[in-house]
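Take a look at the structure below.
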Amino acid sequence: MKLRAKIVLLLVPLIVLPLLTLGWIAFERFTNIARTTMFEQMDTLLNQMTLHVHSDLETVRSNLELFSNSDLLQRYLFADEDDRYALWQRPLLTLFANYIKAYPDYYEIRVVSPDGYEETRSTLENIPNSQDREDKSPYFRAMRQSEQTAQIFLHQNPDNQETAFLAAKKLIIRDPAFETQETLRGYLFITIRPVFIAQQTQKNRIGKNGWIFLTNRQGTILFHPDAQQLQRSLPKPLFSQLLQNTHADTVFKAEYQGQIVFFQGKQLHDDLFLFAVLPEEEILAASRSLGLIVASVILVSILVTGGLFFVVLNALLIRPIRAMDKVAKNIAKGNFDVQLEVKTRDEMGSLASALNAMALDIKYSRDALQAINIASSRFVPLEFLHLLEKENIVDVSLGNHTQMSMTILFSDIRSFTSLSEKMSPKENFLFLNSYLESMGPVIREHKGFIDKYIGDAIMALFAGCADDAVEGAIGMLQKLAIYNQGRMKAGYVPIRIGVGLNTGDLMLGTIGETFRMEGTVISDAVNLAARVEGMTKVYGAQILISEQTYVKLARPLRYPIRLLDRVRVVGKSEPVTIFEVLDGDVDNTLLKLKLKTKDLFATGIAAYEQMEFTETIAIMEQVLLECPEDKAARIYMDRCEHFLKEGVGELWTGVTSMDSK
């Protein structure tokens, strides 16, 4: 069978079936959209009415408090019966009338005595008063028995047979002139006509045929766009299901008034429920209309697509495909120099050009990948990858880690802040890069690698023996001396650095998130190394090492080292012994003097640990006579003088606590 025939047999069903499937999916999707849109309209309408009613009820509660705290009302309640009716009733009724004018929905305000007698009543309109005693009315009994001071009831006003909200407030007040305790003086009742609810019930529609109505807790219809439905009761099984779905806030499908409808409800008040009704037929009608549109679009698409397909098929496609097949086979063999002649500017021509470009891109990518691997090692050291047992950076994943013992080196430029303030941002970058350019090779020469730069500080790791790290620190200071010579020749002041070392177990790996991660080390040993470097400023030393590094030295006698102090650093409870590597003093004069007084200094520390402070002072004075710049000896003298003056306490252990990092 010819390739052209095969293409026809293959592509015809691939065109028709997907279009039919797409049409069905579109129809279902549009139907769901229509249903969802109408349900959202129901939910939006219910939420708007709920918010409005709740807002109105909150306003009623606020006004109830405002009314009850009226000075005129309190004077009325405090007055005796004669003064109450002679002096205060008319002003009080005027006040109530003003409130009613301000809030026309509040069409009746009453004051009722504690025993239920209606003392004062003001109405918006001429409403007959069917009874002047309220002691037997349900809401009065409920209010009297309730522990709450204010409540809102939904009831049918016996005076005009209207459904209304009744806001009630116990008037519990104290006459400050004669009473020490608050007393129930009566009740304040405000009758509110739910005008908003009635209006919204009449005018709001869901779609074309949906409506809303409200019932009480017994299922009696209180508000409905059809006046004939008022005061009718919903069937109990239906109303029970409506309440259940209202509490669950879900749409409920049921038969109502001879048709299938969707219900959704909201509880507006303890005794008032709002329901939205949408006939299912309205959704089905919208779905049928959408289905007709989709079917028409699919039919037109099949006809147009089929016609275009046969037009394209008549073009000469086979020859360009065969030519590209030949080129692709050459590329597969590694011959990336082969090129396909482009004769047209259509898709086939674009495909031929893309094939030519692909061959060149593969050739260039192969060369670029090698360059990228080299460049990436500048940001992620190869030593870091090797410790994670990864060949290159592509193999690294978030969370890769390994645990090992390493020596951590921290270095920091002395007084960098004051030095930096004298330079522009550009000069700062140039200075830091020239300094770091000098230090980096020294660390690598001694089998270490730089983990990160922290401003002017360097954090480096040595996976080998601790001697590599100590020799690397000494090498950094030797390199610094050469670097400072260049600075002084250029007219700049020389710089000094401090180096701290600590050895211990740490976790090395990658942290971050999928699209941004970095290699790091996490351990208490890292924090201690940083603290040790910080103490170089305190003791005027250039290289300090912890006891953990000292005991790991394979040849400790190779370096001039003196025990410096036992300290408790910030964040650690256990004391740490620190040692000074005297090779760090690149000033030969100071190095010679410290070496000369090394044994004498050690004798002074031994006396200090025995609490022989007077002897320690005498020894350290001798050290300072020989080496006036020995800051550590001065620290011990000051410390001993303080202890001789203030005492040391019963718990003295010879350990000094550092207050700063």
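FYI, side chains are in, hydrogens and waters are out, and symmetry mates aren't considered; it's all heavy atoms of this structure. What you see is a predicted model; the values in this text were computed from it and never measured.
Few gaps surround CZ on Arg84; more than 12 heavy atoms of other groups in view lie less than 6.0 Å from it. Annotation for Gln228: atom CD does not count as buried by contact number, only 12 or fewer foreign heavy atoms lying within 6.0 Å. By the neighbour-count criterion of 12 heavy atoms within 6.0 Å, atom CZ of Arg90 is sparsely surrounded, having that number or fewer from other residues, nucleotides or ligands. Heavy-atom neighbours of Arg133 CZ from other residues, nucleotides or ligands within 6.0 Å: above the threshold of 12.
A donor-acceptor contact closer than 3.5 angstrom links the side chains of Glu134 and Tyr139. If you check the side chains of Tyr76 and Thr120, you find a donor sitting under 3.5 Å from an acceptor. Side chains of Tyr107 and Asn157: a donor-acceptor N/O pair is present below 3.5 angstrom, by distance only.
When every heavy atom of Leu46 is checked against every heavy atom of Gly265, the shortest pair comes out as CD1-N, 4.1 Å. Ile206 and Gln41 make their closest contact through CA-NE2, 3.6 Å (heavy atoms, listed as atom of the first residue, atom of the second, distance). Of all non-hydrogen atoms in Ser68 and Leu188, the two that sit nearest each other are N-CD2, 3.9 Å. Taking both residues in full, the closest heavy atoms of Pro225 and Arg205 are given as CB-NH2, 3.7 Å, listed atom of the first, atom of the second, then distance.
Sequence neighbours left out, not one pair with a member in residues 114-134 passes ring-ring contact (aromatic ring centres under 6.0 Å, His included). Pairs passing the ring-ring contact (aromatic ring centres under 6.0 Å, His included) check and including a residue from residues 43-72, sequence neighbours excluded, read His52-Phe196, Phe67-Tyr99. Under the ring-ring contact (aromatic ring centres under 6.0 Å, His included) criterion, the residue pairs touching residues 226-260 are Tyr256-Phe263, with sequence neighbours excluded.
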Donor-acceptor list for residues 146-153 side chains, cut-off 3.5 Å, not counting sequence neighbours:
{"residue": "Ser146", "atom": "OG", "partner": "Gln148", "partner atom": "N", "Å": "3.0"}
{"residue": "Ser146", "atom": "OG", "partner": "Gln151", "partner atom": "OE1", "Å": "3.2"}

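Considering only heavy atoms from C-beta on, Lys266 comes within 4.5 Å of Asp249 through its side chain. Counting only heavy atoms from C-beta outward, the side chains of Thr191 and Leu166 approach each other to under 4.5 Å.
Applying the ring-ring contact (aromatic ring centres under 6.0 Å, His included) test to Phe39 and every residue at least two apart in sequence or in another chain returns Phe262. Take Tyr85 and apply the ring-ring contact (aromatic ring centres under 6.0 Å, His included) test, not counting sequence neighbours, and it matches no residue.
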TODO: Before giving the answer on side-chain contact (heavy atoms from CB on, under 4.5 Å), spell out for Leu242 and Gln264 the whole-Å C-alpha distance, their side-chain angles and the decisive distance to 0.1 Å.
DONE: CA-CA 8 Å; Leu242 286 175; Gln264 187 174 2; over 6 Å; no
| query | Could you go step by step and tell me if Asp159 and Arg121 meet the side-chain contact (heavy atoms from CB on, under 4.5 Å) rule? | reply | CA-CA 12 Å; Asp159 294 337; Arg121 176 174 179 264; 3.6 Å; yes
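In this structure, the ring of His155 has its center no less than 6.0 angstrom from the ring center of Phe165.
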